[in-house]
Amino acid sequence: MENKEERPLNFIEKIIEDDLKAGRVPNDTIVTRFPPEPNGYLHIGHIKSICINFGLAEKYNGICHLRLDDTNPEKEDQEYIDSIKSDIHWLGFDWGKHEYYASDYYDQLYQIALKLIKEGKAYVDSLSAEQMKEYRGTLTEPGKDSPDRNRPIEENLDLFERMKNGEFPEGTYTLRAKIDMKSPNINMRDPALYRIKYADHPRTGKKWCIYPMYDFTHPISDAIEGITHSICTLEFEDHRPAYDWATSIDGIDHTPHQYEFARLNINYLLMSKRKLLYLVKNNLVSGWDDPRMPTVSGIRRRGYSPEAMKDFVSRVGVAKVEGVVDYSLMEFCVREDLNKRAKRLMAVLDPVKLIIDNYPEGKIEYFEAENNPEDPEAGTHKVAFTRELYIEREDFMENPVKGYHRLYIGNEVRLKHAYYVTATSVEKDTEGNITAIHATYDPESKGGTTPDGRKVKGTSHWVSASECISAEVRQYDKLFKAENPGAATGNYLDDLNPDSLIIIRDAKIEKEAATAKPGDYLQFIRNGYYMADSRDSSPEHLVFNRTVTLKDSWSKMKQKMGL
RNA sequence: UGGGAAGUAGCCAAGUGGUUAAGGCACGGGUUUUUGAUACCUGCAUCCGAAGGUUCGAGUCCUUCCUUCCCAGCCA
């Protein structure tokens with residue numbers, strides 16, 4: 001990871017340092033919170049928020065709470081709560097004992113609502129949803145007061161009590177804050193505080209049939225928990241006055257402040273819950289944890305590391321500009337991290353037979369293969385070498401193009417860790433497809449160098465035809481082929497990448513691969529980074545997911561040459 | 001068109017009136033290399049949305065304009 005010391009402070013860090021310096025922070029301990037609504041799976045966008053909130057607490061010796069914002073029981077579920085917690089832990093953050101739920105505060109919230117009513121600052125409104133919309137006005141026209149706005153306090157108290165007791169059907173009444181129907185900020189035009197909802201709540205069951213709204217719950221929850229810096233995304237800027245209104249209600253003695261940053265957008269990716277849900281529901285992907293999904297569970301299964309994602313988020317920075325980050329930056333971070341830790345293995349994905357004619361039949365030699373050239377501590381493992389091998393089909397060319405320095409008739413290349421070989425001839429089937437390549441090896445070149453020190457330009461990976469294992473390899477690519485899915489036609493489905501998953505059923509892999517478990521970071525040399533699939537891989541049927549390719553300047557060059 | 005925000009390279013992003021406008025990604029050139037990977041070296045904004053103005057001096061201050069995003073849930 002790069003020098004944290006040298007990275008300039010972002011605007012939130014500056015605010016915190018100022019607050020700390022000015023003694024505005026109780027006990028000099030900042031308190032942040034990550035407040036997801038448990039209505040879906042966490043995605044890459046959430047990672048930014050998690051890193052900001054937990055990261056700030058870490059950096060300034062503060063505390064970060066996990067608060068499940070569970071005020072809309074219709075959409076929420078325990079399943080989501082569990083996955084959210086597991087995803088945060090995977091990222092390496094821990095809230096310790098500070099696990100809270102907005103629903104923990106329902107009683108307190110109710111008391112505060114009562115108090116507002118008694119003070120004439122809230123009223124029970126009988127306007128229907130449609131009427132309320134009419135009365136609210138528009139962006140350019142002020143709203144007008146509800147006929148119920150001046151309902152007597154006693155009547156409000158009675159009605160609110162009965163709302164709570166379940167005497168009214170959904171939609172008949174709401175509790176509203178009496179603020180200003182003419183405010184240029186629509187959020188201040190008497191926002192709803194409570195609505196009636198007969199739904200089973202994951203935690204409070206049937207205890208309540210009125211549920212508090214975000215603008216009421218969130219600021220007060222922050223205040224109750226002693227949050228000092230309440231950090232959210234830009235679209236809540238307009239809610240800040242409502243936030244400040246709620247936290248200045250009489251009797252609330254802690255005043256948190258809200259700060260907004262730009263959410264994370266990445267090209268080629270879709271982060272909308274609705275659209276992701278559509279992909280899942282219509283089997284366009286295998287589920288929320290499909291390795292092509294931008295969900296935390298998806299990228300985890302794909303083989304991304306939490307360290308890479310944290311580094312990515314830190315490189316993106318925190319600001320108020322709504323931008324779109326290049327997908328390539330994320331891939332860079334994944335490669336950079338995996339390069340340092342992935343175990344190197346040889347896997348031939350598109351095999352063609354290579355027969356070493358002058359190598360004894362039946363002989364097996366074992367070579368030491370380093371597990372990671374970046375990390376000598378990582379040790380070595382053995383690979384078997386025999387007369388018949390597999391190499392990648394694209395590592396041989398019958399008529400080599402300019403600049404090609406892999407195997408062709410008469411050319412000598414190195415087989416990684418093993419010998420120098422020179423191609424001599426090819427076998428073809430009736431259609432002219434190459435079925436085998438014949439070569440000779442130089443016994444003096446054992447280990448990959450020769451006494452005379454002669455160089456070869458190409459080094460290929462390989463696998464012994466008899467001493468290898470077969471595996472399914474899933475070549476994942478971007479789910480969408482357009483930078484901004486849907487921008488061209490208006491329908492993001494039009495930009496689905498038909499090649500986002502290419503399955504190789506019978507890849508040839510060195511035996512060492514059988515020891516790889518999901519969670520182990522692998523590099524198939526010259527092919528990319530891979531991880532055993534956490535759902536489908538088993539000792540009987542190995543399945544590997546491609547996490548990300550290696551950078552490939554050769555294919556770039558080929559493109560330039562028009563091949 | 002009301003309100004709230006934001007505009008510095010292809011993409012992020014420092015910069016808070018004073019040398020030739022940080023850094024990363026991407027991209028180009030090169031060196032090393034038993035991964036055409038990695039690593040390393042190197043190039044890449046006479047210019048800061050635009051136009052005026054203040055100033056000895058402006059990306060930084062002022063004015064006007066332009067562009068983009070967010071807000072009219074009894075969602076969060």
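Each chain gets a letter, A, B and so on, in the order its sequence line appears, and its residues count up from 1. Bear in mind the structure is a predicted one, so any value in this text is a computation, not a measurement.
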- Item | Sugar-phosphate only, base, or nothing, as touched by A:Glu141 at under 4.0 Å among non-hydrogen atoms | nothing
- Base, sugar-phosphate alone, or nothing: which one does A:His461 contact when heavy atoms must sit under 4.0 Å apart? nothing
- Query: Which nucleotide, B:G28, B:G2, B:U35, lies nearest any side-chain atom of A:Thr140?
  - Reply: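 So the side chain of A:Thr140 is nearest to B:G2.
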- Is any N or O donor-acceptor pair between the side chain of A:Gln523 and the base of B:U35 shorter than 3.5 Å? yes
- With sequence neighbours left out, what residues match A:Lys343 under salt bridge (charged side-chain N to carboxylate O under 4.0 Å, His left out)?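 A:Glu512.
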Using atom [atom1] of each nucleotide, how far apart are [N] and [M] to the nearest Å?
{"N": "B:G10", "M": "B:U46", "atom1": "P", "result": "10 Å"}
{"N": "B:A39", "M": "B:A6", "atom1": "C1'", "result": "39 Å"}
{"N": "B:C66", "M": "B:C74", "atom1": "P", "result": "33 Å"}
{"N": "B:G59", "M": "B:C47", "atom1": "C1'", "result": "9 Å"}
{"N": "B:A21", "M": "B:C44", "atom1": "P", "result": "12 Å"}
{"N": "B:U32", "M": "B:G18", "atom1": "P", "result": "45 Å"}
{"N": "B:C62", "M": "B:U55", "atom1": "P", "result": "15 Å"}
{"N": "B:A9", "M": "B:A5", "atom1": "P", "result": "23 Å"}

With a 3.5 Å limit on both atom pairs, tell me what [N] is paired to, counting Watson-Crick and G-U wobble, or say none.
{"N": "B:G7", "value": "B:C66"}
{"N": "B:C40", "value": "B:G30"}
{"N": "B:G2", "value": "B:C71"}

- Message: Output one letter per nucleotide in nucleotides 4-13 of chain B: B when a protein non-hydrogen atom lies under 4.0 Å from the base, S when only the sugar-phosphate is that close, - when neither is.
- Response: SSSS--BSSS
- Query: Counting only non-hydrogen atoms, which of residues 449-458 of chain A are less than 4.0 Å from RNA chain B?
  - Reply: A:Thr449
- Task: Using the test side chain to side chain contact (heavy atoms under 4.5 Å, CB included), find all partners of A:Ser49 that sit at least two apart in sequence or belong to another chain.
- Result: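 A:Ser49: side chain to side chain contact (heavy atoms under 4.5 Å, CB included) contacts with A:Phe34, A:Asn53, A:Phe261.
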- Task: Just label B:G73 as syn or anti from its O4'-C1'-N9-C4 or O4'-C1'-N1-C2 angle, using within 90° of 0 for syn.
- Result: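 Base orientation relative to the sugar is syn.
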- Aromatic A:Tyr268 / basic A:Lys478 pairing, under 6.0 angstrom, 45° off normal: yes
- Item | Under the side chain to side chain donor-acceptor pair (under 3.5 Å) test, residues paired with A:Tyr419 that sit two or more places apart |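 So A:Tyr419 forms a side chain to side chain donor-acceptor pair (under 3.5 Å) with A:Glu365.
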Look for any protein N or O under 3.5 Å of an N or O in nucleotides 73-76 of chain B and output each such pair with its distance, or none.
residue	atom	partner	partner atom	Å
B:G73	OP1	A:Lys133	NZ	3.3
B:G73	OP2	A:Arg136	NH2	2.9
B:C74	OP1	A:Arg136	NH2	3.4
B:C74	OP2	A:Arg136	NH1	3.1
B:C74	N3	A:Gly171	O	3.3
B:C74	N4	A:Leu127	O	2.8
B:C74	N4	A:Ala129	N	3.2
B:C74	N4	A:Gly171	O	2.8
B:C75	OP2	A:Arg195	NE	2.8
B:C75	OP2	A:Arg195	NH2	2.9
B:C75	OP2	A:Lys197	NZ	3.0
B:C75	O3'	A:Arg195	NH2	3.1
B:C75	O2'	A:Asn72	ND2	2.8
B:A76	OP1	A:Thr71	OG1	2.6
B:A76	OP1	A:Arg195	NH1	3.3
B:A76	OP1	A:Arg195	NH2	3.0
B:A76	OP2	A:Tyr214	N	3.0
B:A76	O3'	A:Asp69	OD2	3.1
B:A76	N6	A:His239	NE2	3.1

- Query: Are A:Arg67 and A:Glu225 within salt-bridge range, i.e. N to O under 4.0 Å?
  - Reply: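 Counted as a salt bridge, because a side-chain N and a carboxylate O are separated by less than 4.0 Å.
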